[in-house]
Amino acid sequence: MNPINGRQTTCLFLVVLIGWSLTMTAKNGRDGWLILMIACLFSLLFAALCCIPSERMPAVRWFDLPRTAFGNGFGTIYLLLLTALAFWSCHISILNSVVFLRTVSGGQWPIWLLTAALLFCAACTAQNGIQKLVLWTEPVLWVVVIALAVSLLLSWRQLDWSQLLPIWEDGGADVPWRAYLLISAPFGEVFYAAAILGNQGTQIRTGLLRACVLAGVLLSLLYIRNICLLGPNGAAAVLYPSYTAASVLEFGESFQRGEVLISGSLIVCAVARLALILEFLSGCLQAATGHGSEKRIIWIAATLAGILCVLFAGSNQAFAYAQELYQIVFLPFALAAAVALAIGIGIKTKS
């Protein structure tokens with residue numbers, strides 16, 4: 001098995017984070033891009049924390065660390081709780097993409113078909129293992145970055161920079177809360193990447209930190225473009241500002257459907273995010289029960305998550321509430337899991 005280097009780690013997690021721009025809203029107003037940068041900076045601390053257990057025991061697979069740290073009983077409970085958390089993340093990730101596809105297609109495609117197509121691609125990607133996923137995301141990253149760069153360059157002439165003023169118009173009282181939500185998702189899902197990549201190479205921490213920084217810069221640029229192109233009120237009034245901003249670009253007849261290029265490339269990022277979560281889920285459940293192959297678990301989990309998506313895919317407003325609830329709850333669970341494992345492994349290595 002060839003070790004995964006820092007560049008490959010960066011490509012993988014950067015693709016996962018960039019997918020967030022597909023459904024990134026503008027509810028944070030003019031200063032939302034600053035909130036993104038603040039969340040990015042704090043996510044670096046969380047990413048470093050998530051890497052500590054595997055760095056303490058690099059020869060042990062991450063999914064075997066909980067039993068090493070807490071014993072068989074508590075280790076199994078730890079893994080089962082993370083399995084449930086990952087299944088929720090999987091469900092939210094599917095809803096995220098399916099609701100977007102249903103909205104921009106005008107509701108012409110049934111939900112079950114969109115869900116099945118997305119999950120089939122993600123499960124096929126996940127079952128081949130992290131090594132194949134890393135190799136797959138390297139060329140994908142170039143395609144996505146080029147598509148986003150073209151979109152940003154073409155919108156440059158239409159930007160109204162005065163739309164960014166005033167900064168902190170509300171005094172910044174709710175900045176900590178808004179930054180907390182963004183640290184939780186998308187940046188908090190570095191917990192999954194750090195676990196899967198834990199014993200795959202020696203530059204995992206560097207790669208994840210680099211991905212967080214690059215994603216913070218890129219997402220902030222896209223947020224600024226959306227605000228300056230659509231205006232704060234216009235960007236807040238639409239469901240998907242990045243998609244709408246790409247659709248109003250003016251660059252002759254040959255670029256009238258630029259949003260199709262952008263959304264198509266970012267849907268691939270959503271597949272990568274879902275594949276990463278499915279790999280984490282299967283690794284936790286297989287390690288907790290000691291039964292079943294990870295490939296079989298991936299397909300079973302994808303099927304169950306797809307059924308739930310079809311049953312609970314409601315209105316866009318209902319999904320917005322569900323996603324915010326996910327952002328509120330995810331970070332405390334992931335932070336507690338990361339801290340507990342780091343302390344447990346630290347005690348074991350010292351003893």
Does one hydrophobic cluster hold both [X] and [Y], with members joined at side-chain heavy-atom distances below 4.5 Å?
X	Y	value
Tyr223	Phe42	yes
Val268	Leu101	yes
Leu17	Ile267	yes
Leu14	Val143	no
Leu214	Phe46	yes

Search all heavy atoms of [X] against all heavy atoms of [Y] and return the closest pair with its distance.
X	Y	value
Gln8	Pro3	OE1-O, 4.0 Å
Ser155	Arg225	OG-CG, 3.2 Å
Phe87	Ala301	CE1-O, 3.7 Å
Ala47	Val190	CB-CG2, 3.8 Å
Gly306	Leu119	CA-CD1, 3.3 Å
Ser220	Met37	OG-SD, 3.2 Å

Donor-acceptor pair, distance only, cut-off 3.5 Å: does the side chain of [X] make one with the backbone of [Y]?
X	Y	value
Thr115	Trp112	no
Thr103	Val99	yes
Tyr243	Phe100	no
Thr137	Val140	no
Thr10	Gly207	yes
Tyr240	Met24	no

| request: Decide yes or no on side-chain contact (heavy atoms from CB on, under 4.5 Å) for Leu141 and Trp136, but give the supporting numbers first. | output: CA-CA 9 Å; Leu141 178 63; Trp136 176 74; over 6 Å; no
Please tell me if the side chains of [X] and [Y] come closer than 4.5 Å, counting only heavy atoms from C-beta onward.
X	Y	answer
Leu12	Leu276	yes
Tyr78	Cys284	no
Leu222	Trp33	no
Leu229	Asp160	no
Leu79	Phe74	no
Ser293	Ile297	no
Gln131	Gln200	yes
Leu208	Cys51	yes

Under 30°, 30 to 60°, or over 60°: which ring-plane class applies to [X] and [Y], parallel, tilted or perpendicular?
X	Y	answer
Phe280	Tyr192	tilted
Trp161	Trp156	perpendicular
Phe120	Trp299	tilted
Tyr326	Phe330	tilted

Look up atom [atom1] in [X] and atom [atom2] in [Y], then write down how far apart they are to the nearest 0.5 Å.
X	Y	atom1	atom2	result
Leu281	Leu304	CG	CG	9.5 Å
Leu114	Arg102	CG	CZ	9.0 Å
Glu189	Ser184	CD	OG	8.0 Å
Arg56	Leu65	CZ	CG	12.0 Å
Ile52	Met57	CD1	CE	14.0 Å
Phe191	Leu331	CZ	CG	11.0 Å

| said: So, applying side-chain contact (heavy atoms from CB on, under 4.5 Å) with Gln163, which one of Asn233, Asn226, Ile227 is it? | reply: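 Passing option: Ile227.
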| task | Could you check Val16, Thr125, Leu118 and say which one makes a side-chain contact (heavy atoms from CB on, under 4.5 Å) with Leu274? | result | Leu118
| task | Run the numbers on Glu294 and Arg61 for salt bridge (charged side-chain N to carboxylate O under 4.0 Å, His left out), then give the verdict. | result | CA-CA 14 Å; Glu294 292 189 8; Arg61 196 174 69 124; 3.1 Å; yes
| Is Arg178 paired with Glu324 through a side-chain N to carboxylate O contact shorter than 4.0 Å? | no
| task | Could you walk me through whether Leu285 and Leu80 pass the side-chain contact (heavy atoms from CB on, under 4.5 Å) test, one step at a time? | result | CA-CA 7 Å; Leu285 190 57; Leu80 290 176; 4.1 Å; yes
| said: The test is side-chain contact (heavy atoms from CB on, under 4.5 Å); show your working for Asn96 and Gln323 and say whether it passes. | reply: CA-CA 8 Å; Asn96 198 338; Gln323 182 165 270; 3.3 Å; yes
| task | Start with the C-alpha distance between Leu218 and Leu148, add both sets of side-chain angles, then the distance that settles side-chain contact (heavy atoms from CB on, under 4.5 Å), and finish with yes or no. | result | CA-CA 9 Å; Leu218 186 54; Leu148 294 178; 3.8 Å; yes
| message | For the residue pair Ser54 / Asn199, report whether a side-chain donor-acceptor contact shorter than 3.5 Å exists. | response | no
